[in-house]
Every structure is written in C-alpha cells, then in structure tokens.
Amino acid sequence: ACQGGGVELSRYLAVARRWWWTLLVATWVAGVSGYVVASQIPPTYEAESQLLVGPYNTDRDTLAAAGDLVQTYSQLVTTTPLLESAINESGADITPADLALATRVTANDTTRFLSIRVQDTDPQMAATLANKLADEITQLASRGTSRPEGQIQPVQFAVPPTDPIAPQKSLIVGLAALAALIGAMVLVMLVE
C-alpha cells in the first residue's frame with residue numbers, strides 16, 4: 001500500500017512540474033487580487049478604556065461585592081441611554097444600535113476590571129467613544145450608590161490607536177493565494 005501511495009505522489013508531482021507556470025500565475029493573480037480587495041476595505045481601529053470597580057484594597061466582603069457589580073456594570077454600558085449620551089457628548093455620527101455593535105465590554109469578577117473596547121473607522125472617534133462610555137458608566141455608578149464597592153475608578157483612558165485591527169491584508173492575500181493554488185491544482189488534475 002505504501003508503494004502505491006508513493007507512485008501516486010510521484011504522478012502528482014510530475015503533473016505539477018508540467019503545469020508549474022499555470023499554478024504560479026493563478027496563485028500570483030489571486031494574491032494580487034486579494035491585496036487589491038483588502039486595500040479597498042476601510043481600516044477599522046479599536047480603542048480601549050479600562051475601569052476598576054470598587055476600591056483598590058479593602059475587606060474581602062467589599063471586594064466580593066465589587067466583583068459581583070462589575071458584571072452588572074458591563075451590561076449597563078451598552079444600554080440605549082448610555083449609548084445615546086456618549087454619542088451626543090462625542091458628536092459621533094452613529095446610531096445607538098451601531099455603537100452597541102461596535103462596542104465590546106468585558107468584565108472580570110476577580111480583578112474587578114471593566115474593559116470597554118470600541119471599533120470605528122476613525123481612530124480618534126474610537127478613543128473618544130470608549131472614553132465617553134467609560135465616563136457615562138462612572139457617572140451612573142456615582143449617582144447610584146455611595147458605597148465603596150459600587151464606585152468606579154478609571155485605570156486607563158483610551159488613546160487613538162495607530163494600527164488598524166482590520167482588514168488583515170496579509171491574511172486575506174494568503175487565503176486568496178492558497179485558494180487559487182488549490183483550485184488550480186484541482187483543475188490541472190481534472191485536465192490531466
């Protein structure tokens with residue numbers, strides 16, 4: 001059985017050697033096409049602000065209560081009133097529904113960190129919106145309770161990112177080239 005597999009492999013390699021130019025051109029054209037398509041997609045930037053729920057250090061019960069509250073706060077960040085307020089204060093041209101889709105909020109019960117990430121085609125606007133949402137949840141928390149476990153403190157303000165997170169041009173080019181190579185190999189095998 002191994003010998004038969006070796007014969008098959010050598011036959012495929014012989015076909016690939018005869019058609020190498022076609023395989024190379026197909027891969028190159030698809031790679032260039034993938035790059036052109038990826039270059040037409042507007043870049044997306046992501047900015048992140050981080051908040052701490054509760055005091056830095058205190059008794060165990062207060063820390064546990066703050067850990068519970070961080071999950072509640074993470075849900076409140078993407079509610080319509082907070083989104084609308086952040087949009088109004090930033091002057092962004094976006095709907096609350098679109099901002100909700102562009103926002104990712106993560107909460108960690110143990111560290112009590114609340115991370116707000118916002119994606120936008122404008123790096124400055126992504127940072128502004130992340131910071132405005134952080135301001136909004138901080139103000140909401142300060143109005144809602146005077147207890148230390150409910151207070152929110154900014155840890156890191158969002159700054160405009162310099163590098164986009166999408167599109168990933170090298171990934172698009174690589175996948176397009178690989179798909180073309182596989183497609184060309186299948187076509188060559190069918191012709192043979």
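Keep in mind that what you see is a predicted model, and the values were worked out from it rather than measured. Hydrogens, waters and symmetry mates play no part in the numbers below; they use all other heavy atoms, side chains included. Positions are given from 1, in the same order as the sequence printed here.
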Exercise for review: Would you check, one step at a time, whether the test side-chain contact (heavy atoms from CB on, under 4.5 Å) holds for I116 with N131?
Suggested key: CA-CA 8 Å; I116 302 170; N131 288 329; over 6 Å; no
Practice item. Please identify each residue that fulfils side-chain contact (heavy atoms from CB on, under 4.5 Å) with T111, with sequence neighbours left out. Key: N108, F113
Exercise for review: Answer yes or no: is there a donor N or O on one side and an acceptor on the other, between the side chain of T103 and the main chain of A100, under 3.5 Å?
Suggested key: no
Check your understanding: Are there more than 12 heavy atoms of other residues, nucleotides or ligands under 6.0 Å from atom CD of Q153?
Key -> yes
Check your understanding: Rounded to the nearest 0.5 Å, how far does CG of D120 lie from OG1 of T44?
Key -> 8.0 Å
Practice item. Determine whether I94 and L133 fall in the same hydrophobic cluster, where Ile, Leu, Val, Met, Phe, Trp and Tyr are linked whenever their side-chain heavy atoms lie under 4.5 Å apart. Key: yes
Review point. If you measure from CD on Q151 to OG1 on T62, what distance do you get to the nearest 0.5 Å?
Key: 12.0 Å
Review point. Which ILVMFWY residues are connected to L175, directly or by a chain of links, through side-chain heavy atoms under 4.5 Å apart?
Key: L171
Study note, to complete from the structure: Sequence neighbours excluded, the answer for side-chain hydrogen bond (donor to acceptor under 3.5 Å, both in side chains) partners of S85 is E136
Exercise for review: Provide the full list of salt bridge (Lys or Arg N to Asp or Glu O under 4.0 Å) pairs with a residue in residues 172-185, sequence neighbours left out, each pair given once.
Suggested key: none
Review point. Does the side chain of I137 come within less than 4.5 Å of V105's, by heavy atoms?
Key: no
Practice item. Indicate if F157 and L140 have the same hydrophobic cluster label, given that clusters are the connected sets of ILVMFWY residues with side-chain heavy-atom separations under 4.5 angstrom. Key: no
Review point. How many angstroms lie between CG in L114 and OG1 in T106, if you round to the nearest 0.5 Å?
Key: 7.0 Å
Check your understanding: How long is the gap from CG on L69 to CD1 on I152, to the nearest 0.5 Å?
Key -> 8.5 Å
Study note, to complete from the structure: For residues 80-107, the salt bridge (Lys or Arg N to Asp or Glu O under 4.0 Å) pairs (sequence neighbours left out) are E46-R104, E89-K132
Point to revise | Path from V191 to V186 over hydrophobic side-chain contacts below 4.5 Å | key: no
Revision key, fill the gap. Taken in chain and number order and not counting sequence neighbours, the residues that satisfy side-chain contact (heavy atoms from CB on, under 4.5 Å) with D68 are none
Exercise for review: Can you see which heavy atom on T138 is nearest to which on A134, and at what distance?
Suggested key: OG1-O, 2.7 Å
Check your understanding: Please, which pairs that meet salt bridge (Lys or Arg N to Asp or Glu O under 4.0 Å) have at least one residue in residues 172-183, sequence neighbours excluded?
Key -> none
Revision key, fill the gap. The remaining residues in the hydrophobic cluster of L63, counting side-chain heavy-atom contacts under 4.5 Å among Ile, Leu, Val, Met, Phe, Trp and Tyr, are none
Can you give the donor-acceptor pairs under 3.5 Å from side chains of residues 47-55 to other protein atoms, not counting sequence neighbours?
| from | atom 1 | to | atom 2 | distance (Å) |
| --- | --- | --- | --- | --- |
| E48 | OE2 | Q50 | NE2 | 3.3 |
| E48 | OE2 | S115 | OG | 3.2 |
| E48 | OE2 | R117 | NH2 | 3.4 |
| S49 | OG | A130 | O | 3.2 |
| Q50 | NE2 | S115 | OG | 3.4 |

Point to revise | Gap between atom OH of Y45 and atom CG of D163 - 0.5 Å precision | key: 8.0 Å
Exercise for review: Please name all residues satisfying side-chain hydrogen bond (donor to acceptor under 3.5 Å, both in side chains) with Q156, sequence neighbours left out, ordered by chain then number.
Suggested key: none
Practice item. Hey, could you give me the CZ/OH distance between R112 and Y73, rounded to the nearest 0.5 Å? Key: 12.0 Å
Only distances under 3.5 Å count here; give the side-chain donor-acceptor pairs of residues 22-39 to other protein atoms, sequence neighbours excluded, each with its distance to 0.1 Å.
| from | atom 1 | to | atom 2 | distance (Å) |
| --- | --- | --- | --- | --- |
| T27 | OG1 | L23 | O | 2.8 |
| S33 | OG | V29 | O | 2.8 |
| S39 | OG | Y35 | O | 2.8 |

Check your understanding: By side-chain contact (heavy atoms from CB on, under 4.5 Å), which residues pair with R17, not counting sequence neighbours?
Key -> L13, A14
Review point. So, the side chain of T128 versus the backbone of M125: is there a donor-acceptor pair under 3.5 Å, distance only?
Key: no
Revision key, fill the gap. Smallest heavy-atom separation, T78 atom then L83 atom, equals O-CD1, 3.4 Å
Practice item. Taking the side chain as every heavy atom from C-beta outward, state whether T121 and P43 have any pair of such atoms under 4.5 Å apart. Key: no
